[in-house]
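Data block below; observations after.
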Amino acid sequence: MGHLDHAALGWLTPALSYAMACTGAALGLRCTVRALAATGRTRRNWLLTAASAIGTGIWTMHFVAMLGFRVSGTDIRYDVPLTLVSLLVAVLVVCAGVFAVGYGRNRAPALLLGGLTTGIGVASMHYLGMAAMRLHGEVNYDPVRVGLSVLIAVAAATAALWAALNTRSPLAVASASLIMGAAVSSMHYTGMFAVSVRVTPSGEALPGATAMQFIFPLAVGLGSYLFLTSAFVALSPPARERQAPVSARQQPAGPRERQAPVSARQQPAGSTAP
C-alpha cells in the first residue's frame with residue numbers, strides 16, 4: 001500500500017483551497033440574491049453567473065487541494081479531457097440547482113430538489129476528478145466514507161441554496177460562504193480519506209499531464225475569474241439603486257410645476273414679470 005500525503009505542501013493547499021471555496025460560495029450567493037430581486041433576462045443572467053461561480057469555486061477548491069496530494073512510490077498524472085469534463089459537470093449541476101431555486105414557485109420542494117441535484121453533482125465532480133488521476137497502482141475506496149462524503153455534499157448544497165433564499169445583507173452572505181466553504185472542504189477531505197492505493201512499481205511513463213503542467217495554470221485562471229467577477233459584482237449597483245433614477249424621472253410633476261407652463265402661456269407678449 002502506498003502512503004498517501006494529503007498536504008505535501010503543508011497548510012498552503014488546504015488553506016488556499018478553502019479560500020477558493022469560500023470565494024466561489026460568496027460570489028454565487030451574492031449573485032443569487034441579485035437574481036431573486038430581478039426579473040426576465042436579468043434574473044437569468046444573474047443565476048448563470050451564480051452557477052458558474054459556485055461550480056468553478058468547488059472545482060478549483062478540489063484541484064488546488066490535489067496539488068498537495070502525493071502517493072509514495074508513484075508519480076501522478078491527470079487525464080486532461082476527463083478533468084475538463086469534471087469542471088463541466090460541476091457547473092452544469094450547480095446551474096440546475098440554482099435555477100430550480102431561482103424559478104421554483106414552491107420554495108421548500110425547489111430547495112430540496114436543488115440541494116439534492118447540486119450535492120450529487122458536486123460529489124460526481126469530485127469522483128470524476130479522482131477518476132482522471134493516473135498512477136502506477138490501483139485506487140480503492142471505502143464505501144462508508146464515500147457515502148458520508150456524498151451526504152456532506154448534499155447537506156452543504158442545500159444549506160447554500162437555503163442561504164441564497166434567506167440572506168440579504170453582505171455580512172450574512174459572508175458568514176454563509178464561510179460555512180459553505182468549510183462544508184465543501186470537509187466533503188473533499190472525507191472523500192480523500194476514503195482512498196487507498198495499492199502501488200505497483202513500474203518504469204513506464206504515465207499518460208496525462210502533471211498537476212503543475214495542467215491543474216495549476218487552469219486553477220490560477222479560474223481563480224482569477226472568481227476574483228475579477230467578485231470585484232464586478234461588488235461594484236455593480238443593486239437593482240433598487242439602478243431603478244431609483246428611472247422612478248425619479250417618471251414621478252408626476254407637483255402642482256407648482258404643472259402650473260408654471262400655464263402661467264407662462266398666459267403672460268402677454270412683450271410684457272415682463274413684475
Side-chain angles (χ1 to χ4, degrees), residues 20-62 84-126 128-129 150-170 172-185 187-188 222-223 225-234 236 238-239:
M20 299 309 300
C22 291
T23 301
L27 177 57
L29 293 178
R30 197 63 187 156
C31 289
T32 305
V33 170
R34 295 287 185 90
L36 294 176
T39 57
R41 284 190 296 178
T42 302
R43 171 174 287 197
R44 181 201 64 191
N45 292 339
W46 277 119
L47 290 175
L48 287 172
T49 305
S52 66
I54 297 175
T56 299
I58 292 171
W59 187 93
T60 307
M61 176 271 147
H62 170 80
L84 293 176
V85 168
S86 70
L87 172 60
L88 184 62
V89 167
V91 174
L92 289 179
V93 296
V94 171
C95 186
V98 167
F99 269 73
V101 170
Y103 286 101
R105 295 186 177 181
N106 297 321
R107 284 196 169 186
L111 179 61
L112 293 176
L113 176 62
L116 180 63
T117 302
T118 305
I120 292 176
V122 169
S124 300
M125 178 279 301
H126 174 89
L128 274 173
V150 175
L151 289 177
I152 293 173
V154 172
T158 304
L161 295 176
W162 178 90
L165 289 173
N166 294 279
T167 57
R168 292 294 180 269
S169 69
V173 170
S175 300
S177 66
L178 292 176
I179 296 172
M180 184 182 174
V184 172
S185 297
M187 175 267 160
H188 171 82
L222 293 176
Y225 160 76
L226 287 177
F227 284 110
L228 290 174
T229 308
S230 298
F232 169 78
V233 172
S236 176

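Throughout, residue positions are numbered sequentially from 1 according to the sequence presented. Owing to the predicted nature of the structure, the values given are computational and were not obtained by experimental measurement.
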If you measure from [atom1] on [X] to [atom2] on [Y], what distance do you get to the nearest 0.5 Å?
X      : Y      : atom1 : atom2 : result
Leu116 : Leu161 : CG    : CG    : 11.0 Å
Arg44  : Thr49  : CZ    : OG1   : 10.0 Å
Leu226 : Cys22  : CG    : SG    : 12.0 Å
Met187 : Met61  : CE    : CE    : 9.0 Å
Trp162 : Leu111 : CH2   : CG    : 9.5 Å

Give the table of side-chain donor-acceptor pairs shorter than 3.5 Å for residues 150-157, with sequence neighbours excluded, one pair per line with atom names and distance.
none

Close side-chain approach of [X] and [Y], heavy atoms under 4.5 Å:
X      : Y      : result
Ser52  : Leu48  : no
Met20  : Phe227 : yes
Val98  : Trp46  : no
Met180 : Ile54  : yes

*Mind checking what makes side-chain contact (heavy atoms from CB on, under 4.5 Å) contact with Val89, not counting sequence neighbours?*
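With sequence neighbours excluded, Val89 shows a side-chain contact (heavy atoms from CB on, under 4.5 Å) to Val85, Val93, Ser124, Leu128, given in chain and number order.
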Nearest heavy-atom neighbours spanning [X] and [Y]:
X      : Y      : answer
Thr32  : Ala50  : OG1-CB, 3.4 Å
Thr56  : Thr60  : O-OG1, 2.7 Å
Ala110 : Ala100 : CB-O, 3.4 Å
Cys31  : Val233 : SG-CG2, 3.9 Å
Gly97  : Thr118 : CA-OG1, 3.3 Å

_If the condition is side-chain hydrogen bond (donor to acceptor under 3.5 Å, both in side chains), which residues does Ser86 pass it with, not counting sequence neighbours?_
Trp59
*Could you tell me whether the side chain of Ser177 and the main chain of Ala174 form a donor-acceptor pair under 3.5 Å?*
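Yes, Ser177 side chain to Ala174 backbone: donor-acceptor pair under 3.5 Å.
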_Closer than 3.5 angstrom, by distance alone: can the side chain of Arg43 be matched with the main-chain N or O of Leu36 as a donor-acceptor pair?_
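Yes, the answer is positive, given that a donor and an acceptor are paired below the 3.5 Å cut-off.
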*Give a yes or no on whether Phe232 atom CZ has more than 12 heavy-atom contacts from other residues, nucleotides or ligands under 6.0 Å away.*
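Check fails, neighbour count at 12 or below.
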*Walk me through it: do Leu87 and Leu222 pass the test side-chain contact (heavy atoms from CB on, under 4.5 Å)?*
CA-CA 11 Å; Leu87 172 60; Leu222 293 176; 4.1 Å; yes
